[in-house]
Amino acid sequence: MCAAKDVRSKFSRFWKQSFAVFALNLGQLSIGLGLGYSSVLIPQLKREESKIPVGVTEISWVVSLVSVGQMGGAIIGAWLGSAVGRKGTVLLSAVPTVTGWCVIAISQNIPMLYAGRILCGLGMGIEGTIHPVYVCELTSPSLRGPLAASGVIVITAGILLSYVLGTFIEWKLIAWIYLTVPVLMCIFVFLIPESPIWLVRKRQYNRADKALTWLQQEEDEFAREVEFEFQNRIIKVTENQNGGQSVEFGCCDLCCSKLTVYLNRIFSKKVLLPFFIVVSLFLFQNWSGFIVTIFYTVIIFEDAAIELDEFHATILVGSVQVIGATIGSVVVNIAGRRSLLIVSTGLCSLCMGLLGTVFFLKKHEPESVIIQAAGSWLPIACLLVFTFVFTVGLGPVPWVFLGE
């Protein structure tokens, strides 16, 4: 009986925590759709029958402004996550995203496309910033690895869906379809609890207890994390009391004392070391060229003059992304984070180097032996291998580190 009850308890915990991550992953799906949209939007805008004429400059802005919005969204999302909670931040992220897709869907000129892309990027940045933290604070340590990595799988699925829809559907209709995703996300997120960790920080202990009950967190798994938060609360209360006793020394001394404590926390080794590791990983991830290949996949294949249809080749790349991300979510707990990063980063560098060499030779030495022998298949091979090894290692691992 005890064994059967334990199995039911574990299954119920897995189901509830998986449902919570599923609700949040709809936001990741929206991010994937937004990232993949450029690759199908640009070829349609470049057609002669397009009602919005674009040049090289306009194309560059349409592609890059979503990243500008993401930068602003990341800053806003970090502040909102602390101020209004993880759940509230995710819900608020849907506002600029839905608005952005509406603006894109009714666009009659380039400025409207610019505005829509910035708004979509803003929502993507807000959701993407709080997502890994929220997921890790909702899940048990035993389930955290695969559930945290699942967000990358969903992003790649969204990119693939963009590639498929863009092959058959006009870009304005696609925008109307995409705005339904953040709406669905809000509906499902309403059904899940706020982060217990955040509730403890805000001293809302009754709500935290209810959230833990809903999530069926095991006490022995979660005790250390909650205890850590309680210790932080006690330290802050003690510091406030000490600060209150030292008021006789004057307001200036009190402010300096608090500022010193705050700076000591920020520049302590336990803060700086993980901060440096996470920032470095994301710098390597974003400088690897993956985002650029997503934005310009169709254009890359057009310029490479491959024998396969460029839209079909793009769908193939999107499929490899999903397969690689799925494998990566499993391997991340087996092979180890560091080994996976080393192998993935090395292979990504090799593939980008080969792809760059091919395009250089195509432009400057079109009659070279390499171009004559492998010019038609090497670009797609490089891009497929690069996409696979990125989504297995360099893509998901930094997000896992961020949550942890």
Side-chain angles (χ1 to χ4, degrees), residues 25 28-29 31-36 38-40 145-164 166-167 281-304 306-359 374-401:
N25 276 346
Q28 298 295 92
L29 178 63
I31 292 176
L33 295 172
L35 292 175
S38 296
S39 194
V40 297
L147 289 180
S150 66
V152 179
I153 301 176
V154 178
I155 288 177
T156 57
I159 295 170
L160 174 60
L161 183 59
S162 263
Y163 292 164
V164 174
T167 306
L281 288 176
F282 276 101
L283 283 175
F284 290 132
Q285 183 196 69
N286 286 282
W287 288 349
S288 67
F290 181 71
I291 298 298
V292 177
T293 61
I294 290 175
F295 287 162
Y296 291 101
T297 310
V298 176
I299 306 299
I300 290 173
F301 288 138
E302 284 181 352
D303 292 344
I306 61 173
E307 296 178 359
L308 185 65
D309 179 80
E310 57 268 18
F311 284 97
H312 295 164
T314 300
I315 293 174
L316 181 60
V317 171
S319 301
V320 171
Q321 287 178 16
V322 177
I323 295 170
T326 305
I327 295 174
S329 67
V330 177
V331 175
V332 71
N333 282 334
I334 299 175
R337 276 66 156 159
R338 187 172 66 172
S339 301
L340 209 56
L341 275 173
I342 292 172
V343 175
S344 175
T345 305
L347 290 174
C348 283
S349 300
L350 177 62
C351 292
M352 282 289 101
L354 287 173
L355 187 61
T357 302
V358 169
F359 277 102
S376 61
W377 60 265
L378 191 56
I380 190 171
C382 288
L383 205 52
L384 288 175
V385 175
F386 169 80
T387 299
F388 178 78
V389 296
F390 179 91
T391 50
V392 167
L394 189 54
V397 172
W399 290 104
V400 175
F401 266 104

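- Screening V298, I299, T293, I291 for a side-chain contact (heavy atoms from CB on, under 4.5 Å) with F295, the sole residue that qualifies is I291.
- Heavy-atom minimum distance, I300 versus F359: O-CZ, 3.7 Å.
- Among all heavy-atom pairs drawn from P398 and G393, the shortest one is CD-O, 4.1 Å.
- When side chains are defined from C-beta on, I380 counts as touching L316, because their heavy atoms get closer than 4.5 Å.
- With sequence neighbours left out, F290 forms a ring pair (Phe, Tyr, Trp, His ring centres under 6.0 Å) with F390.
- Scanning all heavy atoms of the two residues, the minimum distance from C351 to C382 falls at CB-O, 3.7 Å.
- Within the model, atoms OG1 of T167 and NE2 of H312 stand 6.5 Å from one another, a figure rounded to the nearest 0.5 Å.
- In Y296, the OH atom is crowded: over 12 heavy atoms of neighbouring residues, nucleotides or ligands sit closer than 6.0 Å.
- Sorted by first and then second residue, the side chain to side chain donor-acceptor pair (under 3.5 Å) pairs with a member in residues 145-163 read N25-S150, S162-Y178, Y163-T297; sequence neighbours excluded.
- Within the model, atoms CZ of F386 and OG1 of T391 stand 9.5 Å from one another, a figure rounded to the nearest 0.5 Å.
- Closest approach of S39 to I294, counting heavy atoms only: CB-O, 3.2 Å.
- Using a 4.5 Å heavy-atom cutoff, the side chains of V358 and P379 are in contact.
- With sequence neighbours excluded, no residue forms a side-chain hydrogen bond (donor to acceptor under 3.5 Å, both in side chains) with T326.
- Looking only at side-chain heavy atoms (C-beta outward), S319 and L160 come within less than 4.5 Å of each other.
- Between L29 and G158, the shortest heavy-atom contact is CD1-CA, 3.5 Å.
- The structure places OG1 of T345 at 12.5 Å from CG of L350, a figure rounded to the nearest 0.5 Å.
- Atoms CG and CD, on L341 and Q285 in that order, are 9.5 Å from each other to the nearest 0.5 Å.
- The CG atom of L383 sits 11.0 Å away from the CG atom of L378 when rounded to the nearest 0.5 Å.
- Note that the CZ atom of F388 and the CD1 atom of I327 stand 4.0 Å from one another [nearest 0.5 Å].
- Inter-residue side-chain proximity for V389 and L394 is flagged as unmet; no heavy-atom pair is nearer than 4.5 Å.
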